Amino acid sequence: MCKLNIHETVKGRAQILFDIHFMRFIQKLSESENTLDIFKDAFSELADQFRFGEVRVRYTKKETINNPDGVDDNISFFLDKGDIDENNVIKKEFHTAEDGIEYISLVALKDAGLWTEEEKNALDIIIDIFFFHISKTRLIKAIEQSAYKDYLTELPNSNGYFEFAKNLYERNELAKYNAFYFDLKGFGLVNVKFGKEEADIIICRYVSVLKQFIADDECLGRIAGDNFVALIRKERSEEFLKLIENVETFAYVDKKMTTVDISAVAGVLEIDEKIEDYRQLISQCSIAYDVAKYVTKRPYMYLTKEMNQKALKQKQVRSKFKQAIMNEEFVIYYQPKVETDTYSLAGAEALVRWVSDDKLISPGEFIPLIEEDGLICELDFYMLKHVCHDINMWKVQGIEPVRVSVNFSRRHLLNPDFPQKIIDTISEHGVNPKYIEIEITETADEEESDMLNIFMKEMKDHGIATAIDDFGTGVSSFNILRNSQVDVLKIDKSLIDDAVMTESDIIVISNIIKMARELDVDVITEGVERWEQVEFLHDIDCHLIQGFLFDRPMPEKEYTERLRKRTYDITKVNDVESK
Ligand code: C2E
Ligand code: CA
Ligand code: CA
């Protein structure tokens, strides 16, 4: 009994001692950053009790596209307790969340004797705990890196790129570089054609080609999707541009290899000594990129002062635009259309003006700035609503309105709800659709052109007239006439502009008019400034005109007077030059 007591007390002491060391082991692993020294420290707590002298950790991972050789990392630490016995090892294997395998081994000290079953169980738990801690360490490291690295290509992401730029900036070396922002032409199609997974691999293959070019003191980064950035030394910039103009990669379709050519569209900033904010590198490059992609449609553009100024203006206009719509700062000017047999008012066109800080801004100054990002669509509906409102107002005043045409940007065409939105707007205001005409410019884009035909048919079905604006300036003029449901052609000013029209000008215009008449399409010519133009148009059977000769665009109040009067006193109508 007594013996047993003593035995149990001894065992109890050992247990308590183990518990203390075990707690210290866990505490050391948990409380601070997990480094090799900490690991060593933690294991030292248990080494005496369990008689081991070395800890080994091996981490392996299969090869991936970014790591063609795979990963095989080994760490080990001796605990300075004496020689080890390679034949007495306890080893465990773990599969990690990132598809790797981790092996952890504890190597016994020489002459340590065999571990008991109880000890083995304890060591098993100790190894599990250790695995948990290294996994945590690896995870923290990955998170820290992911703040600076792109997960797919392992290139720097925008943070990593800016970090690189910051470094150069602080060393006064940034001006030795040009900055690039680029994306891959038609990469959306690559995604559709090969699927997202293969497209990701194509991106990696593409990156590995570029990486071969990038020098150690240069940087290539991936921002997202197919958007990349780079900092390349000035003397190598042209060569880089040449490289990204076409990179040949490949993809697998049904296990067969096909080549995939990838061309980039780039914006380039020539960094100068005066650069103050390296954080603007991407936004500055993307101004030039927008011009290359949407305006000049070239593989790359260098940022110019003019581009920068336009972008600045665009930003200012955009930032004021929403408020301006809410404050009703946009007003309608009406320009009459005249029937030249009777010199009477035959219709009007609604043209927008922006009253900002008591200044009248004409559409030419701001529409091109809002057309690119679709704000124009909001403005066009604003105009339609206000035209509907004015038509109702004239009705209430007992004045019979004439048909008003409202301009709509071609940007609307790709929106499938566009026709219905027009129909709804007109009907919500209780306006008879016969008072509304929709003007849209012709388009060379095939998809838009199909949508334009669908749109015009839909308008016709709802009793709303449509007009092709600026007719004769585009490339597809005659196609449009052949296929579409259009009611009116507006012949562009430029076609009748020349003081002396050539024989072929005359043939073209008179035939357009003849053809239109045969197709039951009305024709109006705009930009008429002189009587001789009226006479010419009359001779070739165009009886509808719009131009400064009769009236300039005018505010609603003045136009209301014109609506009341209805006809023109032609003795008071003079050529624009003599006004
Ligand atoms: P547009 O649709 O071709 O409109 C005709 C333009 O020619 C108007 O310029 C008008 O003032 C001008 N004009 C009319 N008669 C004459 C003339 O005899 N001589 C000359 N030199 N010009 C004449 P405005 O009002 O400055 O508008 C310019 C352009 O802005 C319009 O060209 C149209 O494309 C666009 N725009 C105006 N309002 C809107 C709108 O509400 N929505 C959209 N999307 N575009 C609009
Ligand atoms: Ca127009
Ligand atoms: Ca026009």
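This structure is a prediction, so every number in the text was calculated from the model and none was measured. One-based numbering, in listed order, for ligands and for the atoms of each.
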Asker: Residue-level breakdown please: for Leu379 versus ligand 1, do any non-hydrogen atoms fall below 4.0 Å on the side chain, on the backbone, on both, or on neither?
Answerer: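 Under 4.0 Å from ligand 1, Leu379 contributes no heavy atoms.
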
Asker: Counting only heavy atoms, which portion of Lys493 has something under 4.0 Å from ligand 1: side chain, backbone, both, or neither?
Answerer: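 Near ligand 1, Lys493 shows its side chain, while the N, CA, C and O stay back.
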
Asker: Taking the side chain as C-beta and beyond, is there a heavy-atom pair between Ile287 and Tyr181 under 4.5 Å?
Answerer: no

Asker: Side chain, backbone, both or neither: which part of Arg353 has a heavy atom under 4.0 Å from ligand 1?
Answerer: side chain

Asker: Can you name the N, O or S atom of Glu526 that is closest to the Ca ion (ligand 3)?
Answerer: OE2

Asker: For ligand 1, note which part of Arg552 has a heavy atom under 4.0 Å away: side chain, backbone, both or neither.
Answerer: neither

Asker: Which bit of Val576 gets closer than 4.0 Å to ligand 1, counting heavy atoms only: side chain, backbone, both or neither?
Answerer: neither

Asker: Establish whether atom 34 (O) of ligand 1 and some protein heavy atom are separated by less than 4.0 angstrom.
Answerer: no

Asker: When you measure from atom 9 (O) of ligand 1 to the protein, is at least one non-hydrogen atom found at a distance under 4.0 Å?
Answerer: no

Asker: Please determine if the Ca ion (ligand 2) has an N/O/S atom from Ser405 lying under 3.0 Å away.
Answerer: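 No.
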
Asker: Tell me the angle that OD1 of Asp470 and OD1 of Asp469 form around the Ca ion (ligand 3), rounded to 10°.
Answerer: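 For OD1 of Asp470 and OD1 of Asp469, the angle centred on the Ca ion (ligand 3) reads 90°.
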
Asker: Quick one: does ligand 1 sit under 4.0 Å from the side chain of Leu549, the backbone, both or neither, non-hydrogen atoms only?
Answerer: neither

Asker: Among Leu184, Ile262, Asn191, Asp226, find the one that has a side chain to side chain contact (heavy atoms under 4.5 Å, CB included) with Ile202.
Answerer: Ile262

Asker: Nearest N/O/S atom of Glu349 with respect to the Ca ion (ligand 2), by atom name, please.
Answerer: OE2

Asker: With a 4.0 Å heavy-atom cut-off (strictly under), which part of Ile376 contacts ligand 1: side chain, backbone, both or neither?
Answerer: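 Answer for Ile376: side chain.
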
Asker: Here's a test for you: under side chain to side chain contact (heavy atoms under 4.5 Å, CB included), which of Glu349, Met383, Glu556 qualifies with Ile332?
Answerer: Met383

Asker: Any N/O/S atom of Glu439 sitting less than 3.0 Å from the Ca ion (ligand 2), backbone or side chain?
Answerer: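 Glu439 does place an N, O or S atom closer than 3.0 Å to the Ca ion (ligand 2).
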
Asker: I'd like to check which ligand 1 atoms, numbered from 1 as shown, lie under 4.0 Å from a non-hydrogen atom of Asp380.
Answerer: 40 (C), 41 (O), 42 (N), 43 (C), 44 (N)

Asker: Can you check whether a protein heavy atom sits less than 4.0 angstrom from atom 40 (C) of ligand 1?
Answerer: yes

Asker: Would you find a donor on one side and an acceptor on the other, under 3.5 Å apart, between the side chain of Gln533 and the backbone of Glu529?
Answerer: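 Between the backbone of Glu529 and the side chain of Gln533 there is a qualifying donor-acceptor contact (under 3.5 Å).
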
Asker: Do any N or O atoms from the side chain of Asn392 and from the backbone of His429 form a donor-acceptor pair under 3.5 angstrom?
Answerer: yes

Asker: To check your reading of the model: name the closest protein heavy atom to atom 7 (O) of ligand 1, its residue, and the distance in Å.
Answerer: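 Here the nearest protein heavy atom works out to Glu526 OE1, 4.8 Å.
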
Asker: Return yes when Gly527 approaches ligand 1 closer than 4.0 angstrom through a heavy atom, no otherwise.
Answerer: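 A heavy atom of Gly527 does come that close to ligand 1.
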
